[in-house]
Amino acid sequence: MTQDAAGLLARVREELTPGAHDNRLIGRIADGSAPLRVLGELAAQQRRIITSDRRSFLALATRCADAPGGGYFAELAAGESEALGLLTPFAAACGLSDAALRARPPLPGCQAYPAYLAWLALNGDPVGVVLALTANFAAWGAYCGATAQALRDHYGFAAEACAFFDFFATPDPDADARAVAVVEQWQAHAGGGAAGAMDVLEYGRMLQGYELMFWNTLADLVE
């Protein structure tokens with residue numbers, strides 16, 4: 001690796017931080033002007049994403065079963081399982097029963113992110129995936145924090161209905177340290193080998209692009 005793990009994580013996060021107006025939906029949610037039907041669509045698309053991402057993380061955990069990243073990816077999969085349970089009250093507050101939630105068809109622009117993560121699960125360098133995901137989680141967490149606040153302030157949602165977004169918005173002070181530790185352990189395990197900066201930047205750029213595509217696909221439904 002041309003940079004130490006912490007330096008590379010800082011670099012990818014700095015280079016890929018989205019602009020204030022790149023996400024065309026979050027402002028509409030924040031001021032309460034996004035209609036409830038769009039929030040319901042967000043819930044439906046997230047259900048598909050979570051179930052797919054959980055399988056992708058489990059696939060990565062299996063690939064890394066004898067390497068330091070195995071436990072890290074297994075923890076991410078467990079987090080997706082927890083998040084899935086928290087999604088139901090949000091969907092219900094949007095007027096969607098569990099059956100209606102499952103019946104909503106996928107939107108290609110919303111499902112590009114999990115499709116790429118599934119590709120990474122099969123083809124990506126796991127070390128690069130760890131760092132790219134960690135950088136992307138910061139943007140996702142910020143969007144979830146803004147959404148959770150807006151649901152309380154403008155939509156009158158109870159705490160239970162906001163819990164899905166609270167879960168992802170709650171800062172994890174150890175997240176960066178754990179990711180860096182996995183990469184450093186991997187370097188030692190592999191005798192110094194790890195993903196290069198170009199791999200991490202490519203993975204991160206794609207993940208962030210698909211992240212924004214998810215929100216902006218939903219933004220198109222507002223008009």
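Only heavy atoms go into these numbers, but all of them, side chains included; no hydrogens, no water, no symmetry mates.
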Engineer: With sequence neighbours excluded, tell me which residues meet side chain to side chain donor-acceptor pair (under 3.5 Å) with R47.
Structural biologist: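 Expected list: none.
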
Engineer: Do any side-chain atoms of residues 128-144 form donor-acceptor pairs under 3.5 angstrom with protein atoms, and if so which ones, sequence neighbours left out?
Structural biologist:
residue : atom : partner : partner atom : Å
T134    : OG1  : Y72     : OH           : 3.3
T134    : OG1  : V130    : O            : 2.7
N136    : OD1  : Y113    : OH           : 2.9
N136    : ND2  : Q208    : OE1          : 3.1

Engineer: Taking all atoms of both residues into account, what is the closest heavy-atom pair of A121 and A59, and its distance?
Structural biologist: CB-CB, 4.2 Å

Engineer: Hey, would you say the F164 and F168 ring centroids sit under 6.0 Å apart?
Structural biologist: yes

Engineer: So E80 and T51, do their side chains get closer than 4.5 Å, heavy atoms only?
Structural biologist: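 No, side chains not in contact.
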
Engineer: Do the side chains of R178 and D172 get nearer than 4.5 Å, heavy atoms only?
Structural biologist: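 Yes; the side chains approach each other to less than 4.5 Å.
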
Engineer: Excluding sequence neighbours, so at least two apart, what forms side chain to side chain donor-acceptor pair (under 3.5 Å) with R104?
Structural biologist: E41

Engineer: Side-chain contact, heavy-atom cut-off 4.5 Å: F214 with Q46?
Structural biologist: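 Yes. Closest side-chain heavy atoms under 4.5 Å.
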
Engineer: Under the side chain to side chain contact (heavy atoms under 4.5 Å, CB included) rule, what do R37 and L221 come out as? Steps first, then yes or no, please.
Structural biologist: CA-CA 9 Å; R37 61 178 176 80; L221 303 178; 4.1 Å; yes

Engineer: Can you name the nearest heavy-atom pair linking L101 to A91, along with the distance?
Structural biologist: CD1-CB, 3.7 Å

Engineer: Can you sort out the partners of D98 under side chain to side chain donor-acceptor pair (under 3.5 Å), two or more places apart, ordered by chain and number?
Structural biologist: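 Side chain to side chain donor-acceptor pair (under 3.5 Å) list for D98, sorted by chain: R102.
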
Engineer: Could D53 and R48 be called an ion pair, given the rule that one side-chain N must be under 4.0 Å from one carboxylate O?
Structural biologist: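 No, D53 and R48 are not salt-bridged.
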
Engineer: Donor-acceptor pair, distance only, cut-off 3.5 Å: does the side chain of D22 make one with the backbone of P18?
Structural biologist: no

Engineer: Starting from the C-alpha separation in whole Å, work towards a yes-or-no answer on salt bridge (Lys or Arg N to Asp or Glu O under 4.0 Å) for D4 and R11.
Structural biologist: CA-CA 11 Å; D4 65 273; R11 176 184 170 189; over 6 Å; no

Engineer: Look at the side chain of H154 and the backbone N and O of I29, then say whether any donor-acceptor pair between them is shorter than 3.5 Å.
Structural biologist: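 Checked: no pair found.
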
Engineer: If you count every heavy atom of other residues, nucleotides or ligands that lies below 6.0 Å from E15 atom CD, does the total exceed 12?
Structural biologist: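 Yes, CD of E15 has more than 12 neighbouring heavy atoms, counting only those of other groups under 6.0 Å.
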
Engineer: What pairs with N23 under side chain to side chain donor-acceptor pair (under 3.5 Å), at least two apart in sequence or on another chain?
Structural biologist: none

Engineer: Less than 4.0 Å between a side-chain N and a carboxylate O, is that true for D125 and R63?
Structural biologist: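 Salt bridge between R63 and D125, a charged N being under 4.0 Å from a carboxylate O: no.
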
Engineer: Run the numbers on L151 and F90 for side chain to side chain contact (heavy atoms under 4.5 Å, CB included), then give the verdict.
Structural biologist: CA-CA 10 Å; L151 294 179; F90 169 62; 3.8 Å; yes

Engineer: Are F157 and P89 side-chain neighbours, meaning at least one heavy-atom pair lies under 4.5 Å?
Structural biologist: no

Engineer: Under 4.5 Å between side-chain heavy atoms, counting indirect links through other Ile/Leu/Val/Met/Phe/Trp/Tyr residues: same cluster for L58 and Y116 or not?
Structural biologist: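 No, no single cluster joins them.
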
Engineer: Please list, chain by chain and in numerical order, all residues satisfying ring pair (Phe, Tyr, Trp, His ring centres under 6.0 Å) with F57, sequence neighbours excluded.
Structural biologist: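 Partners of F57 under the ring pair (Phe, Tyr, Trp, His ring centres under 6.0 Å) test: none.
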
